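Read through the structure below, which is laid out as structure tokens, and then see the notes.
One-based numbering, in listed order, for ligands and for the atoms of each. Just so you know, residue 1 is the first one in the sequence shown, and it goes up from there. In this text the structure is predicted, and so the values were computed from the model without any measurement.
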Amino acid sequence: MKKTEKTITGSVDPDVLEFTVGDDPILDRELVKWDAAGTAAHVTMLSRMKMPKGVPPVVTPAEAAKVRRELAKVVKEFAAGKFEIREADQDVHMAVERRLTETLGDLGKKIHTGRSRNDQVAVDVRLHIKDQILALEEEVAALASALCAFGKKHSLVPLVGRTHLQPAMPSSVGVWASGHAEMILDQVANLEAAYQMNDLCPLGSAAGYGVPLPLDRKLTSDLLGFSRPLHNVFGASMARGEDEVALLSALAQLMAVISRLAQDLIIFSMPEFSYFKLPREYCTGSSIMPQKYNPDVLELVRSKTATVLGLQVAALSQLHAMPGGYNRDLQDSKGLYMKGISVTRTTLRIMAKMVEGISIDEDKLRAGFIPGVFATDAALRQVAAGVPWREAYHDVRDHLERLESEDADAAVLAKRHIGATNGLDWRMYAGRISALEKEVAKRRKAFDAKIKVLFS
Ligand code: ARG
């Protein structure tokens, strides 16, 4: 018989402990602040809970205040590298309880009353995800802003529009850049959907079946800044994992959009095109070929996109065959969503810097305008003279040799309708970006204020 290791929840085989704990002591470092906040709210609620006549409160308001002050200390100690999650703790929840019991004695032993690690971790994850979505939205705004600045600066510079990668019609650097910016900004809707989904409070569902105590679930939800509690206790426990999938699917879609931007930049900066020049310090060399400046950053954005797509599938796969109620499978989705956040955030940041450093080669951009690029415009001139479209189309197609190189700048100026080369609304883009920044700042302020009150 192997020696067993003691934990708060009993003695277990050391290999089992290692296997079941997994990466939690490392991953849960992201959750220390949120775990402390969740506990502060829970203990505050316990102290205000309306007990039946003659039954003493679980903790008094003064004791709750003492716990909150201690929790604030834990957060500070953690930031200073003085609080650690040990393997025997299993996770952040037990580590915090151990720490509070060390310093507060019996009071520390009361904090878990009417709570399970199941609703506790669910609340931690949701607070963490809400915080991270705000950071992601700030970074989305920064990337969109960099693209719009680049696009506005070179707004009317001609660029060959392509379909099937083949030269298609006259376009502009402005249309290209703001097109990518708009795609990225539109992804905020998916991040917002994930935010709404994570803005519901599972605390008080305990192990997934509630407890025979007069918990005030509305109060904990309010104290933590959630929009409302998840109503059904069983549903609240089932929602664990769904919240992470909502986030990962938003991240996957966002990354897929950014990956296409990266792909365009790889192509347009190839020597054969040379439309754009990537900042030198953003390209890496070769150990054998002295002439090389490779777009490694952009290639890695492509591969990281594949990673995030995989994370989404992995998280959803964990859920699809799991029976209702808590199952330990759920622990493994934590690493997936955290990886998704870190990969997407570094990608957003590096891409914003990359875009800021791109320069253009106007001669090369103009040189791309072979006569065929003007074929549709030529047919439309016949339409203006009264020829039915399909006849004009066939006339041009039957005599492609007659096409001549035209003035690319004039072609760019000629398209004036909404969103075309000469119809871009730069003020609209600036307005959308600043509205997003303002909304995020407002929400961040309200969120921070709630958390601050909990620790005071
Ligand atoms: N570390 C665990 C997780 O992330 C905490 C919940 C453990 N609950 C349980 N019933 N074993 O899911």
Side-chain angles (χ1 to χ4, degrees), residues 4-39 41-42 74 78 83-100 111-132 198 201-211 220 230 233-248 311 314-342:
T4 55
E5 253 180 82
K6 254 182 108 165
T7 73
I8 301 190
T9 51
S11 295
V12 285
D13 178 285
D15 290 339
V16 170
L17 184 65
E18 193 186 330
F19 187 75
T20 53
V21 165
D23 294 331
D24 266 15
I26 301 156
L27 297 175
D28 280 11
R29 295 170 60 82
E30 292 284 337
L31 301 178
V32 171
K33 176 179 170 191
W34 308 115
D35 197 71
T39 298
H42 180 66
V74 172
F78 174 71
F83 170 75
E84 49 167 4
I85 304 164
R86 305 174 191 152
E87 185 162 277
D89 293 327
Q90 300 185 47
D91 48 36
V92 62
H93 325 299
M94 299 296 216
V96 171
E97 182 172 326
R98 166 185 53 77
R99 164 69 175 70
L100 292 186
I111 58 161
H112 206 58
T113 312
R115 187 176 69 171
S116 158
R117 274 186 296 167
N118 300 352
D119 60 339
Q120 188 178 0
V121 62
V123 119
D124 294 7
V125 164
R126 281 164 182 266
L127 290 169
H128 180 227
I129 290 180
K130 280 176 64 182
D131 174 68
Q132 290 297 304
N198 276 279
C201 187
L203 205 57
S205 58
Y209 302 98
V211 286
T220 33
L230 276 154
V233 286
F234 178 59
S237 82
M238 299 247 287
R240 168 101 190 268
E242 300 290 351
D243 45 357
E244 286 130 302
V245 166
L247 170 73
L248 280 170
L311 290 169
L316 204 46
S317 307
Q318 280 172 356
L319 292 181
H320 86 284
M322 211 169 42
Y326 178 87
N327 300 274
R328 194 67 178 264
D329 316 37
L330 289 168
Q331 175 172 292
D332 271 348
S333 64
K334 207 160 40 179
L336 302 178
Y337 93 79
M338 286 182 179
K339 171 113 187 153
I341 288 172
S342 75

Enumerate, one pair per line, all nitrogen or oxygen atoms of ligand 1 lying under 3.5 Å from a protein nitrogen or oxygen, stating the separation to 0.1 Å; write 'none' if no such pair exists.
{"from": "ligand 1", "atom 1": "1 (N)", "to": "D24", "atom 2": "OD2", "distance (Å)": "2.8"}
{"from": "ligand 1", "atom 1": "1 (N)", "to": "D91", "atom 2": "OD2", "distance (Å)": "3.1"}
{"from": "ligand 1", "atom 1": "1 (N)", "to": "Q331", "atom 2": "OE1", "distance (Å)": "3.0"}
{"from": "ligand 1", "atom 1": "4 (O)", "to": "R240", "atom 2": "NH2", "distance (Å)": "3.3"}
{"from": "ligand 1", "atom 1": "4 (O)", "to": "K334", "atom 2": "NZ", "distance (Å)": "3.2"}
{"from": "ligand 1", "atom 1": "8 (N)", "to": "N118", "atom 2": "OD1", "distance (Å)": "3.0"}
{"from": "ligand 1", "atom 1": "10 (N)", "to": "N118", "atom 2": "OD1", "distance (Å)": "3.2"}
{"from": "ligand 1", "atom 1": "12 (O)", "to": "R240", "atom 2": "NH1", "distance (Å)": "3.0"}
{"from": "ligand 1", "atom 1": "12 (O)", "to": "Y326", "atom 2": "OH", "distance (Å)": "2.6"}

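- Between the side chain of R328 and the backbone N or O of T20, at least one donor-acceptor pair lies under 3.5 Å.
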Only pairs under 3.5 Å count here: list side-chain donor-acceptor contacts from residues 317-326, not counting sequence neighbours, and write none if there are none.
{"from": "S317", "atom 1": "OG", "to": "V313", "atom 2": "O", "distance (Å)": "2.5"}
{"from": "Q318", "atom 1": "OE1", "to": "S333", "atom 2": "N", "distance (Å)": "3.4"}
{"from": "H320", "atom 1": "ND1", "to": "S317", "atom 2": "O", "distance (Å)": "2.8"}

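- Here D24 pairs with K334 in a salt bridge; the nearest charged N to carboxylate O distance falls below 4.0 Å.
- Between the side chain of D329 and the backbone N or O of D332 there is no donor-acceptor pair closer than 3.5 Å.
- P202 and V123 make their closest contact through CD-CG2, 3.6 Å (heavy atoms, listed as atom of the first residue, atom of the second, distance).
- The closest donor-acceptor contact from the side chain of R99 to the backbone of V74 lies at 3.5 Å or more, if one exists at all.
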